[in-house]
Amino acid sequence: MSNSVMSPPAKPSGSSRGLGQVVSKVPSRFLPVIATFVVFVATFGVGSARYEGFASGQVMANLFIDNAFLIVLAVGMTFVILTGGIDLSVGSVVALSTMIAASALQAGWPAWLVVITVLAAGSGLGLAMGWVIHRFGVQPFIVTLAGMFLARGLCFVISVESVSIKNPTFRDVATGTIELPGGVTITYPVVIALVAVIAAVYVLHLTRFGRTVYAVGGSESSARLMGLATTRVKIGVYVISGFCSSLGGLLFSLYMLSGYSLHAVGMELDAIAAVVVGGSLLSGGVGFVIGSVVGVLVLGTIQTLISFEGTLSSWWTKIVIGALLLAFIALQRIIVRRT
Amino acid sequence: MTEPVVDMRGISVEFPGVKALQEVDFRLFPGEVHALMGENGAGKSTLIKALTGVHPLAAGEVRYAGGSVSFGGPAEAQAAGISTVYQEVNLCSNLTVAENILLGREPRKFGRIDGKTMRARAAEMLARIGLHIDPGSVLESHPIAVQQLVAIARAVAVDARVLVLDEPTSSLDVDEVAELFRIIRVLRDEGVAVLFVTHFLEQVYEISDRITVLRNGRLVGEHATATFSRIDLVSAMLGREMGVLEEIERRTGTPGDPLLVAEGLGRKGSVAPFDLEIRSGEVVGLAGLLGSGRTEVARLLFGADKADSGRVLVDGKPVHLRGPRSAIEVGIAFSSEDRKAEGVVADLSVRDNLILAMQAARGWLRPVPRKLADELVAKYMEMLDIRPANPDAVVGTLSGGNQQKVLLARWLVTEPRLLILDEPTRGIDVGAKAQIQKLVADLAAEGMAVVFISAELEEVVRIADRVVVMRDRQKVAELDGGAVGVDDVMALIAGGGGVEKAVAS
């Protein structure tokens, strides 16, 4: 041991074969994210090689436009998964948010009040679930499953029909575009999603709250013995996830310009898949928001590929996502065992 | 002498039905290393927890730095300058070394964590205890021993005036202990008061300045290490004269017929093929360093691992050991070294643990009559001197030594013919150790065959009739216990080169 103490630590240099010298110098915790990025570049490459016009800036921009809400959901989910928890309610909260927004706008509420109401409802539900998880020591899976049914049920209480959004402010934001250099256009929801990502990176890496999220995921009992605010963090991540879900719901209502009880069925699973493909461990403590964003982009690219192909059923998306999930979990096991 | 930094007077701590500490006085001076000694269950941990505010006091007063204090918990105690490092490393292995040292009090700039300053400050802390590792590296990339030292760096990062080390050395090897001691000395010379708990007598005499001995929740005495002999220390801890340890005279009885014979038994990547004969009424010791193949031999004999060569004969007839169940059927019992994970059921009472084994041995269709169960439980509790002598006590609340005894009792109720004990005396106190050694000798005298594995060579040599020496996953020698000395075994373990250190001792 005296050797290892006196000399700088030797980084485990796994997988130097095949991927070359560069990778061997990268700490193993970045490997899953890099692998996700490689998969993203590869799938995009496949598309560019097969279809004319795939490798355009606008296709890339469309990836963000079509998945802005999922990016926001994945950001919130990353917080929860980093602590070792899970949030199954996000899809239903998205539907509930579209429903609240659409019916409140129909009732003539001003747009700003609708936004605040929706965000408060999502955060409030998250707070309630986090509190129950902490106070009664119930598994997050069960509590958020209950939250999922509750939110979905509340949608139907508001209305069973689809409610379309005719509010001019919402319509302007939904249809407005921002011109980027090179003739590429993006929408406002993309900007909102990217701001959410940047905020999440800041919170996770540069604040005490964020570092405690990682500490709780690494070892909750140690974090408590270190005197960290574990309670606040454990409840806080569900508030963040609830907030992100309702923000994602707002973006989704802009995308669909309607509120409907059956919007976003199963979207929580897409969000979880994106986070896992993005390299986060479900057991907590390991992962990056950027990984989750790239995870969403991978899922989006596969969808785009299939729509370019034209003849393939969209269910192929699910099959490919399933295969990718398995591959990533296997990859993580290998990395964990190497180190 | 200066004023004590910690002065505990008349401390009593009570749990429901148990007086864990009774009127204990304890003083800790700045710049000293103070060893807290006692058997398992003597109240060492309770005293530490009384100091750090985990347990409320039933009576007494804790004075710290001249004033009377009453902490609400470890976090409060730490904020006041009393830091505790536990046996298990309580850090987050997924974070960097710097974060682990400074988490919760990291330097901030405009509300955000200042990573650069944090790493610089962590480097300072590490330099203070002479540990040269990259503060930006992830904790889990370092061996456990280094993680333990990082935990100490965290403990002293707040201006700790008192550092409590609760059995920090039990998972460290010789070099690592030396490194830890070097750091302890650095801190001591800076004026930190160090409270040190360990089971290793050598370490106490190497590092400590004073010793406080507890027994059964009472203070036995406080002594300067230099003038307190080992014999006095042991008898103070045990509360009885020395002799029990020497009492186990070599039995002169002749071993019976071969009970189990292994021929060319081996498993690739685990242990090279070996021959072994175990007679009834005989104690066979297995000696070797950690990882030499001791435990692997035991697991092969028990069928816990599948052999890929050789065969096992019991009573001269070949048996096919498909797994532990088939081994138990022919009368082989295996008490694992990991008693927490593979041994007792910690949530059940002593009685339930014993009945569980009894029931398994009888088969599920024949229930154990209550009267027979009570008789057997009483018999084994007395035979093994399990304390507290309450069959309804939950096993998880017993001390390590008593848990080990319950585990032994669990196997004994199944009346095995061959008992394999893997490290039955590790981490338990001297008194329980002597009792278990004596029990092994008694069982052998009654005709049971025992395979005894221990890292302590003295122990193996003392109680075994034959000693099998393992090195590098090979059986290298078989010695007659009567004629063999520790030095001989040591030489064999060290092998031809003799360069490896005998860490096992």
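Every chain is numbered from 1 and lettered A, B, ... according to where its sequence line falls, protein lines coming before strand lines. Quick caveat: nothing in here was measured; it's all calculated off a predicted structure.
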S.K.: OG1/A:Thr207 to CD/B:Glu106 distance, rounded to the nearest 0.5 angstrom?
M.R.: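 Between atom OG1 of A:Thr207 and atom CD of B:Glu106 there are 9.0 Å.
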
S.K.: Around atom CD of A:Gln139, are there more than 12 heavy atoms of other residues, nucleotides or ligands at under 6.0 Å?
M.R.: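 Not buried by this count: 12 neighbours or fewer within 6.0 Å.
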
S.K.: How far does OG of A:Ser219 sit from CG of B:Leu91, to the nearest 0.5 angstrom?
M.R.: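 The OG atom of A:Ser219 sits 8.5 Å away from the CG atom of B:Leu91.
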
S.K.: Non-hydrogen atoms of chain A under 4.5 Å away: do they reach the side chain of B:Asn100, the backbone, both or neither?
M.R.: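 Both the backbone and the side chain of B:Asn100 come within 4.5 Å of chain A.
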
S.K.: List the atom of A:Ala215, the atom of B:Leu103, and the distance in Å for their closest heavy-atom pair.
M.R.: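 For A:Ala215 versus B:Leu103, the nearest heavy atoms are CB-CD2, 3.6 Å.
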
S.K.: Is it the case that atom CG in B:Asp189 sees more than 12 heavy atoms from other parts of the structure closer than 6.0 Å?
M.R.: yes

S.K.: Determine, for A:Arg211 against B:Glu99, whether the closest basic-nitrogen to carboxylate-oxygen distance falls under 4.0 angstrom.
M.R.: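 B:Glu99 and A:Arg211: salt-bridged.
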
S.K.: Write down the atom of B:Cys92, the atom of A:Ala223, and the distance for their closest heavy-atom approach.
M.R.: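 The answer is SG-N, 4.3 Å.
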
S.K.: Which heavy atom of A:Gly285 sits nearest a heavy atom of B:Asn94, and at what distance?
M.R.: O-ND2, 2.7 Å

S.K.: Which residue pairs pass the salt bridge (Lys or Arg N to Asp or Glu O under 4.0 Å) test with at least one member in residues 216-231 of chain A, sequence neighbours excluded?
M.R.: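 Non-adjacent pairs meeting salt bridge (Lys or Arg N to Asp or Glu O under 4.0 Å): A:Glu220-A:Arg224, A:Glu220-A:Lys234.
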
S.K.: Not counting sequence neighbours, which residues clear side-chain hydrogen bond (donor to acceptor under 3.5 Å, both in side chains) with A:Thr231? List them please.
M.R.: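 With sequence neighbours excluded, A:Thr231 shows a side-chain hydrogen bond (donor to acceptor under 3.5 Å, both in side chains) to no residue whatsoever.
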
S.K.: Atom OH of residue position A:Tyr202 - does it have more than 12 heavy atoms of other residues, nucleotides or ligands inside 6.0 Å?
M.R.: yes

S.K.: So, do A:Arg208 and B:Arg108 sit near enough that their side-chain heavy atoms are less than 4.5 Å apart?
M.R.: yes

S.K.: Is it the case that more than 12 heavy atoms not belonging to A:Phe37 sit under 6.0 Å from its CZ atom?
M.R.: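 No.
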
